[in-house]
There are 2 protein chains.
Amino acid sequence: MKRYTVSEVARMSGVSVRTLHYYDQIGLLRPAEQGGNGYRYYGREELLRLQQILFYRELKFPLEDVRRILAAPDFDRAEALRAHRARLAEEAENYRRLLQTIDRTLADLNGDGTMSDDDIFYGLNSPRQKEYETWLVDRFGDGMQEKIDESRAKLQAAGGDPKIQAAMGEAQDINADLAAAMKKGLPVDSEETQAAVHRHYQWVTTFWTPDRESYAGLGQLYLEHPDFRKFYDTPGRDGLAAYLAEAMAVYAERTLA
Amino acid sequence: MKRYTVSEVARMSGVSVRTLHYYDQIGLLRPAEQGGNGYRYYGREELLRLQQILFYRELKFPLEDVRRILAAPDFDRAEALRAHRARLAEEAENYRRLLQTIDRTLADLNGDGTMSDDDIFYGLNSPRQKEYETWLVDRFGDGMQEKIDESRAKLQAAGGDPKIQAAMGEAQDINADLAAAMKKGLPVDSEETQAAVHRHYQWVTTFWTPDRESYAGLGQLYLEHPDFRKFYDTPGRDGLAAYLAEAMAVYAERTLA
DNA sequence: CTTGACCCTGACGCCGCGTGATAGGCCAGA
DNA sequence: TCTGGCCTATCACGCGGCGTCAGGGTCAAG
């Protein structure tokens, strides 16, 4: 039975020796045996346990929780993961908001680098209400009014510009493709799904050209805001918004700058 | 000149008294004066400085950096923000990956709540972890991918929150009502149409409570922007977005503040 | 036996405060 | 003027997850 010293385990697992000491100290990972010289020796079993620990650590579980989860084999890991997922999702959302705040602030910075107090606080701590408004303004600009007035006549007079009708039809098509891919159980990074997302991206570029982050953000928006989500999560297509959001994230990461 | 005690400042700004003590201690926010009794008294200027501090704190700047930024008025805040933005973006991206890892893991969880070692490490991605993954693959083989793909179906089959499903269904219903009204040739200010719009307004208030102008603006957005319009202008319902937009404008003017 | 690379324990530091403990100040009512 | 109740102050420990010395023992090769 092979035994590993701290530095060997450290090299294999990527953690520091100090971390192994610490994990021993808090009772998270005890060495298989500790010889008369006080040296820690780990076996295969401990390596496997360490893997699990690192998995949960990566997901930002507190080590104390990790200890509890691993201590009880009958513990409902799925439930723990789901609960934790919710917290992570909040954090992710929070980071997204912070990025927007920075972007707005940068946009509002005057040439001399000063910023007004109004600017600096806009969008902070806003109860979820403001968030939606912010999104709309961010995405579609606030010169909306004029553009709308201007284009209104055309759209309404003709009872529908054929070009626009085509665009709407395209959106329906893409949606159908995505729904089909999801129902087939294809992973979000499958070729077919990504092809559909590519069509979606092309479609989006007719009115907006998002970069990597924005496009992934758009996917989140589809998922998180009912006013978008209603288009995707229709009866018989439950979970499509989530599916699309993930697929868009993958697409963004792989293809966009 | 008005002076505020610690608890007053705390109440106004939302930070704790302890935080004010701490900011004094580290030289981040000194009170305007400290009377013979040792009490801290803050003036308007300090309040404004606190605002700035909280802005940067919210963005997760280390307090030491905040101090430096505020200390030098000629400091390039824009540059600092841009640099910081990059870090935040990385973090945001990281959280997104963690969510995906959790989703994959949940999909792979067996009914009894155990998870296989293959599953448990998939998706870890820090540079150091890459080595670790390699090590894992060496040890456990690389038949992981198929299993992951295969199990994704389960996740999607699981369905979603019934509350959300209900909200999505409501949106569909409202849409059907509106389409019916339009096809009957009812004017936008007809009772039936306005009733449907009212339902729509109620639906919107589950995530946002717009005032008159905002609600009318939302209608225009539905019309102007393909990403919304695609939900309304479906085949056989051409012009519904325009119809709804006008009906919403009427509703807003008549009923909202 | 020496050398150098390992191993140990113990302790402090980090950051942004929360949470006491202990002691004194301020102001209104009796 | 005294009392009580609520302010204020400072000092100090604690959290999490280790990094980073300091000071000393151990192991294996030459």
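Lettering follows sequence order; numbering is per chain, from 1.
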Query - Intermediate values then yes/no, ring pair (Phe, Tyr, Trp, His ring centres under 6.0 Å), A:Phe228 and B:Phe228 - result: CA-CA 7 Å; A:Phe228 287 95; B:Phe228 287 97; 4.3 Å; yes
Requested in this report: Respond yes when some side-chain nitrogen or oxygen of B:Ser7 is under 4.0 Å from OP1 or OP2 of D:dT8, and no when none is.
Outcome: yes
Query raised in the report: Once you build an axis from the first five pairs and another from the last five of the helix from C:dC1-D:dG30 to C:dA30-D:dT1, how far apart in angle are they, to 10 degrees?
Result: 30°
Going by side-chain hydrogen bond (donor to acceptor under 3.5 Å, both in side chains), name the residues that satisfy it together with [X], two or more places apart in sequence or in a different chain.
X        : answer
B:Tyr215 : B:His200
A:Ser190 : A:Thr193
B:Asp65  : B:Arg68
B:Tyr23  : B:Arg57

Query raised in the report: If the sugar-phosphate is the primed atoms plus P, OP1 and OP2 and the base is the rest, what is the B/S/- string for nucleotides 9-21 of chain C, using protein heavy atoms under 4.0 Å?
Result: B-B----BBBB--
What is the separation between atom [atom1] on [X] and atom [atom2] on [N], rounded to the nearest whole Å?
X       : N      : atom1 : atom2 : value
B:Gln25 : D:dT10 : CD    : P     : 9 Å
A:Asp65 : D:dG17 : CG    : C1'   : 14 Å
B:Asn37 : C:dA23 : CG    : C1'   : 14 Å
A:Tyr42 : C:dC7  : OH    : P     : 10 Å
A:Ile53 : D:dC18 : CD1   : P     : 10 Å

Query raised in the report: A:Val197 pairs by side chain to side chain contact (heavy atoms under 4.5 Å, CB included) with which of A:Val188, A:Leu178, A:Asp189, A:Val250?
Result: A:Leu178
Once side-chain contact (heavy atoms from CB on, under 4.5 Å) is applied, do any residues pair with [X], and if so which ones, sequence neighbours excluded?
X        : value
A:Thr255 : A:Tyr251
B:Tyr39  : B:Asn37, B:Tyr41
B:Arg11  : B:Glu8

Report summary line: Residue set satisfying salt bridge (charged side-chain N to carboxylate O under 4.0 Å, His left out) with B:Arg30, at least two apart, ordered chain then number -> B:Asp24
So which protein N/O to nucleotides 22-25 of chain D N/O distances come out below 3.5 Å?
{"residue": "D:dG25", "atom": "N2", "partner": "A:Tyr39", "partner atom": "OH", "Å": "3.2"}

Query raised in the report: What pairs with A:Tyr232 under ring pair (Phe, Tyr, Trp, His ring centres under 6.0 Å), at least two apart in sequence or on another chain?
Result: A:Tyr222
